[in-house]
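Working notes for the structure below.
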Amino acid sequence: MDNMRGAVLMTVAMALFAVEDMFVKSAASALPVGEVLALFGLGGTIAFAVLTLREGQKLWHPAVASPLLLTKAGFEMAGRLGYTIGIALTPLSNASAILQATPLVVVAGAALFFREKVGPRRWTAIAIGFLGVLVILRPGLEGFVPAALWTVLGLLGFAGRDLATRAAPKVLSNLQLGIYGFAVLIPTGLIILAFTGGARVPAAVELLPVAGATVFGVAAYWSLTAAMRVGEVSVVTPFRYTRLIFALFLGVLVFGERPDAATLMGAGLIIASGVYTLWRGRK
């Protein structure tokens, strides 16, 4: 039952994240990326703080200052920074396809840092998955888009965040983790603004996609955290790939994107290698 709950929560989280990405991309077309990220983080922090207080939980816990949680915050910042800029500058379908390599990095990280056993077959599958990322990026070829490298930074950050979330102290609830996860986005957005230029006062209509991203982002983050802490990693993680389906649908429907053959081929390599890697680990 825990694995079933984890699978459902992960699928719901991926659908919600895809909608969140849609709103973030829409907001970034009108407002500076740093301002969007800071406002998004502020809204999510307030939402999770209210939910935490409603449950009678404390907003601050000493475990937040532990090295593990500080490391998690650093990975969260890197992941959000890279992926937000990535979806703002590149097609949503491409960025989402590259992000599907996150579970492969999680498996590799589990082998390196948690001493989990990963055999030659799974290492080969991981290498094939990374080859899929290169197919999408097309370095050195005519279709190469340097801005897509921001998405690679995002996937590395999210992989580190997920590994740290798995090892997070059980004394912290999902709601408390949500507060700290969104709070780090505020300084991340301010850092971007420091390098790209100042913020501006947004019009009311420009805040609507930011509000939409916040609502769906809060729900998605809670679902993801719950999924990673309920089910087994090898069972729950493959359901991450449903995000690509949702992202492709929204990219075509909302932004009129048409993923090319290289993007679809690379996404297929990533998904096939990821599913095999996790299936092999389960076996």
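Hydrogens, waters and symmetry mates are skipped; everything else that's a heavy atom, side chains included, is used. Every value quoted in this text rests on a predicted model; they were computed, and no experiment measured them.
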* **Heavy-atom pair of closest approach, residues G181 and E76** => O-CG, 3.5 Å

* Would you say S96's side chain and L92's backbone share a donor-acceptor pair under 3.5 angstrom? -> no

* Kindly work out whether a path of hydrophobic side-chain contacts (I/L/V/M/F/W/Y, heavy atoms less than 4.5 Å apart) joins V19 to V254. => yes

* To do: Kindly compute the distance separating OG1 (T90) from CD (E257), expressed to the nearest 0.5 Å.
  => 8.5 Å

* Asked: Can you get from L250 to Y83 by hopping between Ile, Leu, Val, Met, Phe, Trp and Tyr side chains that sit under 4.5 Å apart?
  -> yes

* Between F130 and I270, is any pair of side-chain heavy atoms under 4.5 Å apart? -> no

* Minimum heavy-atom distance between V210 and A27, given as atom pair plus value -> CG2-CB, 3.8 Å

* To do: Begin with the C-alpha distance, continue with both residues' side-chain angles, and end with the deciding distance and a verdict on salt bridge (Lys or Arg N to Asp or Glu O under 4.0 Å) for E20 and R243.
  => CA-CA 11 Å; E20 173 207 307; R243 181 172 185 165; 5.6 Å; no

* To do: Could you grab the distance from atom CG of D21 to atom CE of M14, nearest 0.5 Å is fine?
  => 9.5 Å

* Asked: So if you build clusters from Ile, Leu, Val, Met, Phe, Trp, Tyr with side-chain heavy-atom gaps below 4.5 Å, do V64 and W222 land together?
  -> yes

* Once you round to the nearest 0.5 Å, how far does CD1 of I85 lie from CG of L81? -> 4.5 Å

* **Under 3.5 Å: donor-acceptor pair, side chain of W123, backbone of V118** => yes

* Assess whether side-chain contact (heavy atoms from CB on, under 4.5 Å) is satisfied between R258 and V252, documenting all intermediate values. => CA-CA 6 Å; R258 294 294 184 270; V252 172; 3.4 Å; yes

* Cation-pi check, K25 onto F255 ring (under 6.0 Å, within 45° of axis) -> yes

* **Gap separating the OG atom of S223 from the CG atom of L16, nearest 0.5 angstrom** => 5.5 Å

* Asked: Do S173 side-chain atoms and Q176 backbone N/O form a donor-acceptor pair below 3.5 Å?
  -> yes

* Asked: Taking all atoms of both residues into account, what is the closest heavy-atom pair of P259 and L248, and its distance?
  -> CG-CD2, 3.6 Å

* **V133 side chain near L269 side chain, heavy-atom distance below 4.5 Å** => no

* Structure fact -> Closest non-hydrogen contact found for F246 with T11 is CE1-O, 3.9 Å

* Is it the case that Q57 and T52 place a side-chain donor and acceptor less than 3.5 Å from each other? -> no

* Are the aromatic rings of Y221 and F182 close, with centres under 6.0 Å apart? -> yes

* Got a salt bridge between R138 and D260, using NZ or NE/NH1/NH2 to carboxylate O under 4.0 Å? -> yes

* Is there side-chain contact between M22 and F216, with heavy atoms separated by less than 4.5 Å? -> no

* Asked: Just wondering, do L224 and F17 contact through their side chains at under 4.5 Å, heavy atoms?
  -> yes

* If you look at every heavy atom in L244 and A267, which pair is closest and at what distance? -> CD2-CB, 3.6 Å

* Asked: With the 4.5 Å side-chain cut-off for hydrophobic clustering, are V215 and L208 part of the same group?
  -> no

* **Beyond-backbone contact of V24 with V33, side-chain heavy atoms, under 4.5 angstrom** => no

* To do: Evaluate side-chain contact (heavy atoms from CB on, under 4.5 Å) for T84 paired with F40, printing each intermediate quantity in order.
  => CA-CA 11 Å; T84 301; F40 176 56; over 6 Å; no

* Asked: Say you draw a straight line from CH2 of W60 to CD1 of I179; how long is it, rounded to the nearest 0.5 Å?
  -> 11.0 Å

* Asked: Can you name the nearest heavy-atom pair linking L104 to G274, along with the distance?
  -> CD2-CA, 3.5 Å

* Measure the spacing between CG of L37 and CG of L42 and express it to the nearest 0.5 Å. => 11.5 Å

* To do: Kindly work out whether a path of hydrophobic side-chain contacts (I/L/V/M/F/W/Y, heavy atoms less than 4.5 Å apart) joins L155 to L134.
  => no

* To do: Count the heavy atoms belonging to other residues, nucleotides or ligands that lie under 6.0 Å from CZ of R200, then report whether that count exceeds 12.
  => yes

* To do: Look only at the side chain of T45 and the backbone of A183, and say whether a donor-acceptor pair between them is shorter than 3.5 Å.
  => yes

* Side chain proximity check, Y180 to F48, heavy atoms < 4.5 angstrom -> no

* Asked: Hey, does the side chain of T242 reach the backbone of F239 with a donor-acceptor pair shorter than 3.5 angstrom?
  -> yes

